[in-house]
Amino acid sequence: MSGEEFKDDYRRALPKELVRELVRRSAWRASAAVLSDVAMLAVAIAVALAYWPNPLVLIPAICIIGTRQHALFVIAHDAAHYLLYERRWLNDVVGRACAAAQGLSMCTYRVIHRLHHNNLYGELDPDTALHGGYPRGRMYLVRKLAKDLSGLTAWKTYAYFLGGAPALNTATNVAVRPLDDTSAKLRDEARADRNMVIVLHIIAFIAFAASGYLIQYLVLWVLPLVTVVQAILRLRAIAEHGATTDFSSPLTAARTNLGPAWLRWLIFPHNVNYHVEHHLYASVPQYHLPRLHAEMKRQGILEGAEVIPFRATLTKIFAEKLVTVTH
């Protein structure tokens, strides 16, 4: 339906039979991804409560909780693409739950993210304000990440993912309002989902306050959300699209970051590091992205693409600002 679709840029580049295999949903794989994150969150919170309020336990626990909260956001991202389950209602229930636990609206994000995919680095891309213009100098990004870790930028994330209001694109001076550029169905779903999320967190606050665990809730759930998650979201977004110079194709306007398993677990959970592949084939679930990457590489589709080790990406995005000399 117009206003709802995510475009696949290279649908005909791979054999149709292979693409049909790669877009197939696996309910058990999707469920296993969700349950693994929830289990790790439960363990980290339980250990922190057992040693409460020991800072030697709390600080690592907060960091781990933040990484898994971010991982659940990646699950919600797949749900926004309709990639978790074949049954649409189940896909949306699980995706909305993963996002709502963090105070985010999956349905609002679906509207925003569609514009990002379909207008990458264009005037209507709502994410350019976040990842555009790099490199901007090493200390610029260091200051941004430090500000994220302080919790001072969390309100922007919630304006984006809950309110549907991305930051102003300073390059075009355009304030994108994605809810104005979508189908009535998705717009209504986004507003209903947003209201549900707000009510849910008001109830959660009251419930934890009444139970006497308000401080624990704020420290072990809210604090990671407004600090650790913010820094990971920024770093990952810039690693995926920042410091690119050719915006004509996702091959060069997006970036796939390669690295060891521990790094992917921390920053790129659920194969979200395969970002070029995701932009080219947005209908492929995350657990098929490694195979998609291998097939695209074997057939030469990734030639000239930004597929590099994460350490090389860090060099790019933390580089000094490019100075244009005019005569």
Side-chain angles (χ1 to χ4, degrees), residues 62-63 65-74 76-77 80 95-113 115-116 124-134 136 139-180 187 190-206 208-209 214-242 267:
I62 288 169
C63 292
I65 290 167
T67 67
R68 294 311 91 198
Q69 289 171 326
H70 170 251
L72 283 180
F73 167 76
V74 175
H77 161 268
R96 290 175 66 179
C98 290
Q102 305 174 65
L104 308 175
S105 166
M106 186 276 287
C107 294
T108 300
Y109 177 60
R110 174 178 283 158
V111 175
I112 298 172
H113 196 55
L115 280 183
H116 167 64
L124 294 179
D125 185 349
D127 292 357
T128 303
L130 174 60
H131 57 61
Y134 284 86
R136 302 188 181 197
M139 291 312 299
Y140 178 90
L141 185 49
V142 168
R143 286 193 295 269
K144 284 290 187 180
L145 293 172
K147 196 172 181 181
D148 291 334
L149 288 171
S150 74
L152 294 176
T153 59
W155 68 272
K156 294 182 180 180
T157 296
Y158 287 95
Y160 180 111
F161 291 109
L162 188 61
L168 178 71
N169 184 339
T170 55
T172 61
N173 205 35
V174 172
V176 180
R177 291 297 175 262
L179 290 181
D180 296 332
R187 186 185 304 116
R191 289 171 176 164
D193 191 37
R194 177 179 59 195
N195 293 337
M196 181 274 292
V197 171
I198 292 171
V199 171
L200 174 68
H201 282 270
I202 291 173
I203 293 173
F205 185 90
I206 294 172
F208 280 106
L214 180 61
I215 298 300
Q216 289 86 340
Y217 165 68
L218 294 175
V219 171
L220 295 177
W221 193 257
V222 177
L223 182 61
L225 281 176
V226 301
T227 57
V228 177
V229 173
Q230 306 307 309
I232 296 176
L233 282 173
R234 182 185 301 275
L235 182 60
R236 180 170 65 80
I238 297 170
E240 291 169 347
H241 292 291
I267 302 176

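On a predicted model such as this, the values are computed, not experimentally measured, just so you know. Residues take their numbers from the sequence shown, with the count starting at 1.
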Got a second to check how far [X]'s [atom1] is from [Y]'s [atom2], nearest 0.5 Å?
X: Tyr134; Y: Lys144; atom1: OH; atom2: NZ; result: 6.5 Å
X: Leu214; Y: Phe208; atom1: CG; atom2: CZ; result: 9.0 Å
X: Leu141; Y: Arg234; atom1: CG; atom2: CZ; result: 7.5 Å
X: Leu233; Y: Ile238; atom1: CG; atom2: CD1; result: 11.0 Å
X: Ser105; Y: Ile112; atom1: OG; atom2: CD1; result: 8.5 Å
X: Leu200; Y: Met196; atom1: CG; atom2: CE; result: 6.5 Å

If we only count heavy atoms from C-beta on, is the [X] to [Y] side-chain gap below 4.5 Å?
X: Thr108; Y: Asp193; value: no
X: Gln69; Y: Val228; value: no
X: Leu218; Y: Leu223; value: no
X: Tyr109; Y: Phe73; value: yes
X: Met106; Y: Cys98; value: no

Checklist outcome for this item: Here the pair of heavy atoms bringing Gly95 nearest to Ala76 is O-CB, 3.7 Å
Checklist entry - Between Ala231 and Leu149, which heavy-atom pair has the shortest distance, and what is it? => result CB-CD2, 3.7 Å
Checklist entry - Any sub-3.5 Å donor-acceptor pair from Trp221's side-chain atoms to Gln216's backbone N or O? => result no
Next on the checklist: If we ignore hydrogens and angles and just use 3.5 Å, is the side chain of His201 paired with the main-chain N or O of Gly103 as donor and acceptor?
Outcome noted: yes
With sequence neighbours excluded, tell me which residues meet side-chain hydrogen bond (donor to acceptor under 3.5 Å, both in side chains) with [X].
X: Thr153; value: Asp148
X: Arg236; value: His70, Glu240
X: Thr157; value: Gln230

Checklist entry - What do the steps show when you test Leu104 against Val197 for side chain to side chain contact (heavy atoms under 4.5 Å, CB included), and what is the final call? => result CA-CA 7 Å; Leu104 308 175; Val197 171; over 6 Å; no
Checklist entry - How far apart are the C-alpha atoms of Arg187 and Val111, what are their side-chain angles, what is the distance that settles it, and do they pass the side chain to side chain contact (heavy atoms under 4.5 Å, CB included) test? => result CA-CA 8 Å; Arg187 186 185 304 116; Val111 175; over 6 Å; no
Next on the checklist: Would you say the rings of Tyr217 and Phe205 are close, in the sense that their centroids are separated by under 6.0 Å?
Outcome noted: no
